[in-house]
Amino acid sequence: MTAGLTTAQLIEKHRPTLDQALEAIRSRAYWSPFPEHPKAYGAEGAVAGSLSAAEGQAAFEALRGHRFELDQPGTDGWAGAEVSPYGPELGIEYPHADPEALLPALRAAVPRWCEAGPEARAAVCLEILTRINARTHEFAHAVMHTSGQAFMMAFQAGGPHAQDRGLEAVTYAYAEQVRTPAAAEWSKPQGKRDPLELRKEFTAVPRGVSLLIGCNTFPTWNGYPGLFASLATGNAVLVKPHPRAVLPLALTVRIAREVLGEAGFSPDLVALAAERDGEGIAKSLAVRPEIRIVDYTGSTAFGDWLEANARQAQVFTEKAGVNTVVIDSTDDYKGMLGNLAFSLSLYSGQMCTTPQNFLVPRGGITTDAGPKSFDEVVADLAAAVEGLLGDDARANALLGAIVNPQVKERIDAAAQLGEVALASRAVANPDFPGATVRTPVIVKLDGAKPDAEAAYLSECFGPVSFAVAVDSAADAVELLRRTVREQGAMTVGAYSTSPEVERLIEEACLEECAQLSLNLTGGVYVNQTAAFSDFHGSGGNPSANAALCDGAFVATRFRTVEVRRQG
């Protein structure tokens with residue numbers, strides 16, 4: 001977009017994409033405007049004006065060791081001490097803001113943005129996402145070196161898939177805002193008397209300033225839904241990144257400010273709130289009266305605190321859960337094992353959707369390869385993981401790096417929780433000798449022993465999982481139900497050839513509001529969700545109070561205000 005491009009021109013440019021997105025959320029069919037293959041980017045690729053692989057890496061390297069200028073109000077110093085999970089220090093400093101100066105600037109930017117209307121706001125948001133998409137190779141390195149994701153995952157999940165989620169939020173925001181017409185003529189018959197007549201106007205009015213509290217593991221994928229849902233509904237957004245993963249969201253803020261300014265709006269509709277070491281500004285910002293919306297992904301403890309204390313704001317949280325897989329029977333034993341091995345290994349299990357508990361009848365299961373005892377199922381799953389990760393190059397490409405020391409501590413402590421069926425091993429990364437790379441650990445537990453509950457009924461974030469022996473499929477379903485009700489779950493998986501068992505599992509998930517995947521044996525995994533089709537979380541169990549993305553995720557970010565005039 002060139003300077004001076006009007007909102008009308010932006011609408012003309014992006015309306016076809018918005019229309020396709022509206023159809024996608026209606027049909028739930030596969031669709032994405034953002035290619036996920038790296039070769040689509042660069043001079044020879046399909047994405048016009050995009051950075052090539054070499055250009056993206058060069059752009060990332062050029063950011064290292066420098067100050068990240070944003071020219072936003074209230075800057076009173078500099079902050080930043082990111083160290084890549086792969087070892088190198090990034091050496092980037094970000095503007096540190098005085099909220100007493102920055103928040104008034106965000107509030108002042110809202111009225112003009114509100115007046116623009118839903119379609120113009122959606123078009124500007126799509127332009128921001130298009131600009132981000134063109135720099136996907138640069139973002140991939142930024143995500144990789146702040147989250148520890150392997151490059152291909154950082155490219156896809158941190159790039160096109162995150163951009164899809166942002167566009168999905170814009171689409172839902174637009175749909176909810178235009179559900180009510182902008183104006184209506186109202187006439188009520190009065191029999192022989194003249195009718196009562198009014199002219200009515202309806203305006204989507206934003207709440208005010210939205211606070212996005214970013215996470216370390218998926219700064220863009222988890223951050224974009226809230227950011228773009230708030231922006232598209234007319235709110236200003238203050239982005240408070242995780243201190244170990246600032247760069248991806250700082251790049252996002254810079255691009256958003258550039259586009260907003262070029263489109264004739266205040267760049268201060270989006271601003272960055274970087275923090276100094278140990279400052280912990282999320283708590284103080286979240287309870288300020290100017291903050292009317294909070295989006296948060298992270299620990300249950302802080303999520304619960306936000307829900308209890310940020311009472312002036314609409315709070316959206318994604319917290320911890322205990323994801324469970326029930327293994328009752330299967331007609332594709334090899335496919336099941338391969339699918340689960342990949343799910344456990346992807347990004348070293350550092351996903352909110354990674355399975356943790358595998359509930360298996362102690363008497364064994366039936367399979368197309370013959371009956372398998374509990375011990376055989378667990379041993380075969382361990383062997384499948386070992387086979388998948390036996391080659392170090394492939395292991396590095398799947399596992400990425402351990403994101404922080406706390407995850408490594410949980411891996412090391414897992415052996416004390418029960419019998420180890422699969423020990424974790426360290427994997428050397430020749431490109432990044434400073435990286436901590438570890439394979440998953442699987443621990444066997446007896447579900448009938450009360451002392452085992454402390455392990456399997458709490459989240460153990462990272463590549464640690466528990467194979468839990470239960471008395472029967474019915475007992476597995478009851479334990480599943482209890483786990484979701486008490487601890488929450490972002491995902492549930494199940495394998496069964498029995499229609500009756502499948503029905504029991506489905507009923508439990510419907511009643512406890514947990515997203516269920518049945519009998520996955522191919523290239524779709526329980527810990528992956530597709531924008532425009534799958535719902536990430538349900539908002540109906542303790543793991544999250546919102547779903548990404550549905551109408552409820554956007555509808556309370558604005559209110560409809562009516563003006564009536566005598567006709």
Pair Q57, H137: side-chain N/O donor-acceptor within cut-off below 3.5 Å: no

Test item: N222 side-chain N/O and T297 main-chain N/O as donor-acceptor pair under 3.5 Å: no

K319/E307 under salt bridge (charged side-chain N to carboxylate O under 4.0 Å, His left out): CA gap, chis, key distance, verdict: CA-CA 11 Å; K319 301 173 288 188; E307 291 171 2; 3.2 Å; yes

Working for salt bridge (charged side-chain N to carboxylate O under 4.0 Å, His left out), residues R276 and D76: CA-CA 12 Å; R276 299 187 177 103; D76 60 8; 3.8 Å; yes

Please table the atom pairs, donor to acceptor, closer than 3.5 Å between any side-chain atom in residues 210-218 and protein atoms at least two apart or in another chain.
| unit_1 | atom_1 | unit_2 | atom_2 | d |
| --- | --- | --- | --- | --- |
| S210 | OG | S230 | OG | 2.9 |
| N216 | OD1 | R244 | NE | 3.0 |
| N216 | ND2 | T146 | O | 3.1 |

Side-chain heavy atoms of L346 within contact of T354, under 4.5 Å: no

Minimum side-chain heavy-atom gap K240-I281 below 4.5 Å: yes

NZ/NE/NH1/NH2 to OD/OE distance under 4.0 Å, R107 and E290: no

Donor-acceptor under 3.5 Å (Y347 side chain, A401 main chain): no

L106 side chain near L238 side chain, heavy-atom distance below 4.5 Å: yes

Any T300 side-chain heavy atom under 4.5 Å of E459 side chain: no

Over all atoms of both residues, closest heavy-atom pair of G462 and V407: CA-CG1, 4.0 Å

T17 versus Q20, side-chain donor and acceptor atoms under 3.5 Å: no

Test: R557 cationic atom under 6.0 Å from F316 six-membered ring centre, within 45° of axis: yes

Contact summary for D392 and R425, nearest pair of heavy atoms: OD1-NH2, 3.1 Å

Which atom of V441 lies closest to which atom of A423, heavy atoms considered: CG2-CA, 4.5 Å

Q163 and N133: side chain donor to acceptor below 3.5 Å: yes

Whether E168 side chain and F532 backbone form a donor-acceptor pair below 3.5 Å: yes

Step-by-step ring pair (Phe, Tyr, Trp, His ring centres under 6.0 Å) determination, F432 to H145: CA-CA 11 Å; F432 299 100; H145 285 288; 5.3 Å; yes

Check: I411 main-chain N/O paired with R438 side-chain donor or acceptor under 3.5 Å: no

Option passing side-chain contact (heavy atoms from CB on, under 4.5 Å) with S348 (candidates V464, I402, L398): I402

Under 3.5 Å donor-acceptor, T353 side chain and N527 backbone: yes

V143 vs W221, side-chain contact (heavy atoms from CB on, under 4.5 Å): CA-CA, chis, key distance, verdict: CA-CA 10 Å; V143 170; W221 199 98; over 6 Å; no

Salt bridge present between R257 and D268 (N-O < 4.0 angstrom): yes

Donor-acceptor contact present, side-chain T75 to main-chain G77, <3.5 Å: no

Which atom of P85 lies closest to which atom of G148, heavy atoms considered: CG-N, 3.5 Å

Check: F553 ring centroid to Y172 ring centroid under 6.0 Å: no

Pairs flagged by salt bridge (charged side-chain N to carboxylate O under 4.0 Å, His left out) wherever residues 83-98 is involved - sequence neighbours left out: R67-E93

I291 side chain near V287 side chain, heavy-atom distance below 4.5 Å: no

Non-neighbouring partners of D550 that pass side chain to side chain donor-acceptor pair (under 3.5 Å), sequence neighbours left out: none

Check: W113 side chain, S266 main-chain N or O, donor-acceptor pair, under 3.5 Å: no

D277, CG: over 12 other non-hydrogen atoms inside 6.0 angstrom: no

Closest contact, heavy atoms only, F155 versus H37: CE2-C, 4.0 Å

Short N-O contact, R28 and E23, less than 4.0 angstrom: no

Would you list the atom pairs, donor with acceptor, under 3.5 Å between side chains in residues 249-256 and any protein atom, with sequence neighbours excluded?
| unit_1 | atom_1 | unit_2 | atom_2 | d |
| --- | --- | --- | --- | --- |
| T252 | OG1 | Y224 | OH | 2.7 |
| T252 | OG1 | P248 | O | 2.8 |
| R254 | NE | E69 | O | 3.4 |
| R254 | NH2 | E69 | O | 2.9 |

Single hit among M490, H161, R165 for side-chain contact (heavy atoms from CB on, under 4.5 Å) with T529: R165

salt_bridge(R15, E119) N-O dist < 4.0 Å: yes

Flag, side chain of N235 to backbone of R207, donor-acceptor distance under 3.5 Å: yes

Pair listing, side chain to side chain donor-acceptor pair (under 3.5 Å) test, anchored in residues 397-410, at least two apart: K408-D412

Non-hydrogen side-chain atoms of T136 and S50 separated by less than 4.5 Å: no

Polar side-chain atom of Y296 near backbone of S299 as donor-acceptor pair, under 3.5 Å: yes

Pair E275, H96: side-chain N/O donor-acceptor within cut-off below 3.5 Å: no

Chi angles and distances behind the salt bridge (charged side-chain N to carboxylate O under 4.0 Å, His left out) call for E82, R64: CA-CA 10 Å; E82 292 159 295; R64 296 181 58 189; over 6 Å; no

Any residue meeting side chain to side chain donor-acceptor pair (under 3.5 Å) with S533, in chain and number order, not counting sequence neighbours: none

Main-chain N/O of T6 paired with Q9 side-chain donor or acceptor, under 3.5 Å: yes

Trace of the side-chain hydrogen bond (donor to acceptor under 3.5 Å, both in side chains) decision for T130 with E127: CA-CA 5 Å; T130 300; E127 180 64 26; 5.1 Å; no

Donor + acceptor pair across side chains of E55, S52 (<3.5 Å): yes

Closest contact, heavy atoms only, A395 versus L389: CB-O, 3.7 Å

Residue pair Q72 / P267, side-chain heavy-atom distance below 4.5 Å: no

Parallel, tilted or perpendicular: ring planes of Y94 versus F68, cut at 30 and 60 degrees: tilted

Distance in Å, T7 OG1 paired with K13 NZ, rounded so as to fall on 0.5 Å steps: 14.0 Å

